[in-house]
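Encoded as structure tokens, the structure appears first; notes follow it.
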Amino acid sequence: MAHIQPAVSIILPVYNGETYIKEAVDSILSQTFSNFELIIINDGSTDRTKEIIKSYTDYRIHYLENEVNRGIVTSLNKGLNVSKGKYIARMDADDISLSERIKTQVAFMDTNPKVSISGTLVSLFGSKNKDVCDPVSDTTMAAMLLGNQIESTTAIIRAQDIKEKNVTYADTYRYENEYDFYVRAIMSGLHIANIPQVLTQKRIHANQLSTYYEGRVHAIELAQIQKMYFHFLIKKLAFLHPLYVLPLCTYVVKRITNTVSYLYKKIYLRKKEYEFYKVSFDVCEHINCTNSQLKDKNILDLATVAFNKPEVIAWQIKLIRKNITDPYFYTVFDNSTDTDKAEEIKRLCAAEKIAYVKLPKNYLTRSASHGSSLNWIYKNYFNKRNAHYFGFLDHDIFPIKKTGVISILDAQSIFGHLQIRKNNLWYLWAGFCFFKSNAVVQPNFMNGKIGGVGVDTGGMNWKHLYSKLDKTKIEFPVSSYVAITDAGTPKTKVMDPSVDMIEYLGDWMHLFGSSGWKTLRNREERNAKIQTLINSLL
């Protein structure tokens with residue numbers, strides 16, 4: 001069949017989508033509107049995704065492939081660059097387009113030339129079932145201030161309009177990149193709308209569930225985009241337009257509420273903060289050591305923070321005993337919120353003759369704060385013990401080969417998992433970091449204040465600690481990621497939040513995200529899988 005100029009270019013990025021990709025592709029090929037090209041970008045999949053896509057012989061399918069996982073922004077822009085259609089439609093690899101979708105959207109765009117981007121109603125299915133949509137009119141543009149009003153998997157875009165305005169997907173945001181795309185399109189003068197008709201089925205499944213960290217990043221990115229759009233609307237005097245009054249007022253009230261909450265934490269809870277860090281204990285009594293041992297400088301002090309997982313602490317105890325070649329003190333600081341689990345961890349430590357300290361209740365946060373716990377440990381344990389060599393370990397990080405840390409610290413003062421921020425700022429990840437005291441003992445280190453400098457995962461120690469060190473002269477463990485299905489042999493791979501991974505850090509293994517693994521959410525099944533791996537290391 002002769003190839004013709006497609007009216008619509010449908011862009012479908014996919015990564016490890018073997019479970020649902022066939023349904024998605026079949027739904028596109030079954031469209032009543034046939035003049036389209038389907039551009040599938042395989043974003044470095046490691047499962048059967050490529051094999052499934054290659055099984056199709058339809059001439060309208062254009063297959064592109066990233067050698068490694070580049071992320072959705074790179075894939076979408078690659079699709080935009082090769083697209084030939086008057087319209088560009090979006091499709092996700094786990095959703096289904098109803099047969100009339102493209103025909104209906106093309107007709108709507110043809111009869112509404114001022115609309116540059118439109119979406120449709122979606123019917124959620126899987127773990128949730130309901131219809132979602134927003135009204136058709138410029139009220140959608142006003143409502144964009146409160147969040148993304150276009151379901152990305154339903155979007156159709158007038159190609160010429162975004163080319164003229166030079167609107168592309170940006171990697172500024174990890175999760176909210178499509179919301180950012182639509183907002184910037186509006187700010188450039190383009191109009192959006194929604195068709196109040198169900199034309200797409202959006203699948204809700206376990207692999208889409210965000211971790212607590214991902215949820216926090218989503219919220220931060222959303223707030224940043226909303227702030228950008230709010231300033232744009234104020235400069236355009238949008239508050240004088242009746243359609244924008246309610247969204248603007250809602251946004252302002254939300255910002256005021258967030259500010260009041262922030263001030264409450266910073267001012268009213270300050271007293272609770274001091275109470276938390278005042279809680280102390282006798283070092284000798286709790287770690288069962290003598291004063292002479294406290295003065296021994298040639299011992300590596302290790303601290304881990306337990307959190308509701310006694311089986312993980314058991315694995316760490318065994319592997320530390322087997323593989324740490326330095327003389328060491330190993331102490332379990334329990335931050336568990338489950339009283340039964342805390343008691344189980346305490347009994348385990350007693351049976352194994354391991355030092356156990358129950359951390360005081362932290363009134364600063366509704367949940368147990370890992371960062372506050374680390375700072376408490378430094379102030380009340382390492383600092384009082386006058387520890388010369390010390391380190392923090394997440395409870396799911398284990399040495400898997402014979403290894404020592406003291407000799408490394410003698411050569412470079414710090415050791416751990418390197419993290420790099422913007423502008424080349426760098427720091428050690430708080431879950432795997434070791435220090436020699438003369439590198440960190442200074443007034444500002446770990447001052448134990450909310451938002452202050454301390455053991456943290458955001459690099460706040462940069463200015464007064466890491467900026468004084470020459471990174472080129474420091475040895476860091478090589479990090480690699482392996483899917484749990486192939487966990488026996490470390491391989492250099494890019495981390496993928498959608499895949500259950502194990503991270504290798506030189507001679508150490510990190511059960512990366514094990515508390516939130518998506519494919520092994522059943523605790524017994526997950527523990528059995530990990531136990532098999534641990535047994536092979538013991």
Side-chain angles (χ1 to χ4, degrees), residues 11 13 70-77 79-80 88 90 92 115-120 122 132-135 137-158 161-162 165-194 202 208-239 241 243-262 421-423 458 497-498:
I11 300 176
R70 300 291 186 185
I72 191 170
V73 170
T74 299
S75 299
L76 289 175
N77 283 329
L80 288 179
I88 297 168
R90 275 280 287 110
D92 286 339
V115 174
S116 299
I117 302 172
S118 69
T120 78
V122 297
V132 178
C133 189
D134 294 284
S137 75
D138 277 357
T139 57
T140 305
M141 297 175 69
M144 285 291 282
L145 178 62
L146 305 179
N148 193 5
Q149 306 300 314
I150 298 285
E151 281 289 342
S152 298
T153 193
T154 74
I156 189 167
I157 303 165
R158 201 178 300 275
D161 289 355
I162 64 169
K165 299 295 184 177
N166 194 29
V167 180
T168 59
Y169 293 94
D171 58 5
T172 307
Y173 302 101
R174 181 176 180 180
Y175 298 107
E176 296 292 343
N177 45 73
E178 298 204 66
Y179 178 36
D180 172 63
F181 175 85
Y182 301 137
V183 167
R184 285 187 292 106
I186 293 172
M187 291 169 62
S188 69
L190 303 182
H191 288 252
I192 66 173
N194 272 315
K202 183 176 179 65
Q208 294 172 320
L209 298 178
S210 297
T211 64
Y212 174 74
Y213 167 76
E214 290 170 336
R216 288 286 300 275
V217 176
H218 269 292
I220 292 170
E221 292 183 352
L222 178 68
Q224 290 173 341
I225 298 170
Q226 288 175 319
K227 183 178 180 180
M228 173 182 69
Y229 191 38
F230 175 76
H231 289 166
F232 169 80
L233 293 177
I234 293 299
K235 290 180 181 178
K236 292 291 183 179
L237 302 180
F239 54 85
H241 195 296
L243 290 176
Y244 285 85
V245 172
L246 182 59
L248 284 167
C249 289
T250 303
Y251 175 78
V252 170
V253 169
K254 183 179 179 181
R255 294 287 296 181
I256 292 174
T257 302
N258 290 342
T259 301
V260 171
S261 175
Y262 173 78
R421 302 184 74 190
K422 293 181 179 179
N423 302 321
S498 68

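Just so it is clear, the model here is predicted, and its values are computed rather than measured. When a residue number appears, it is its place in the shown sequence, counting from 1. Below, each value reflects all heavy atoms present in this structure, side chains not excepted, and no hydrogens, waters or symmetry copies.
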With side chains defined as the heavy atoms from C-beta onward, is the minimum distance between Leu80 and Ile162 less than 4.5 Å? yes

I want to check something: taking the side chain as every heavy atom from C-beta on, are Thr172 and Gln224 in contact at a cut-off of under 4.5 Å? no

Considering residues at least two apart in sequence or located in another chain, which fulfil the side-chain hydrogen bond (donor to acceptor under 3.5 Å, both in side chains) criterion with Thr154? none

Could you tell me which non-hydrogen atom of Val73 sits nearest to which non-hydrogen atom of Ala170, and how far apart they are? CG2-O, 3.5 Å

Return the CG to CD1 distance between Asn177 and Ile225, rounded to the nearest 0.5 Å. 8.0 Å

Strictly distance-based, threshold 3.5 Å: is any side-chain N or O of Lys202 a donor or acceptor partner for the main-chain N or O of Val122? no

Walk me through it: do Ile72 and Glu178 pass the test side chain to side chain contact (heavy atoms under 4.5 Å, CB included)? CA-CA 10 Å; Ile72 191 170; Glu178 298 204 66; 4.1 Å; yes

Between Glu221 (side chain) and Glu176 (backbone), is there a donor-acceptor pair under 3.5 Å? yes

Atom pair CD1/CZ of Ile186 and Phe181 - distance to nearest 0.5 Å: 11.0 Å

What's the shortest heavy-atom distance between Gly119 and Ile150, and which atoms? N-CD1, 3.8 Å

Those residues at least two apart in sequence (or on a different chain) that pass salt bridge (Lys or Arg N to Asp or Glu O under 4.0 Å) with Arg184 are Asp180

Separation of Met187 CE from Lys235 NZ (nearest 0.5 Å): 8.0 Å

Over all heavy atoms of both residues, which pair between Ala155 and Tyr182 is shortest? Give the atoms and the distance, please. CB-OH, 3.4 Å

Point-to-point distance, once rounded to the nearest 0.5 Å, from CE of Met144 to CG of Leu233: 11.0 Å

To the nearest 0.5 Å, what is the distance between CG on Asp161 and CD1 on Ile117? 8.5 Å

Got a donor-acceptor contact below 3.5 angstrom from the Arg70 side chain to the Ser75 backbone? no

Within the distance-only criterion (no hydrogens, no angle test), does the side chain of Gln149 pair as donor or acceptor with the backbone N or O of Gly147 below 3.5 angstrom? yes

I'd like to check Asp171 versus Thr74 (side-chain heavy atoms, cut-off strictly below 4.5 Å). Are they in contact? no

Angle class for the Phe232/Tyr229 ring planes (parallel below 30°, perpendicular above 60°, tilted otherwise)? parallel

Non-hydrogen atoms of Arg90 and Pro13 that approach each other most closely: NH1-CD, 3.5 Å

Distance-minimising heavy-atom pair for Val115 and Arg158: O-NH2, 2.9 Å

Look at the side chain of Tyr173 and the backbone N and O of Leu222, then say whether any donor-acceptor pair between them is shorter than 3.5 Å. no

So do the side chains of Leu146 and Lys254 get within less than 4.5 Å of each other, counting heavy atoms only? no

Output the distance between atom CD1 (Ile234) and atom OH (Tyr251), rounded to the nearest 0.5 Å. 9.5 Å

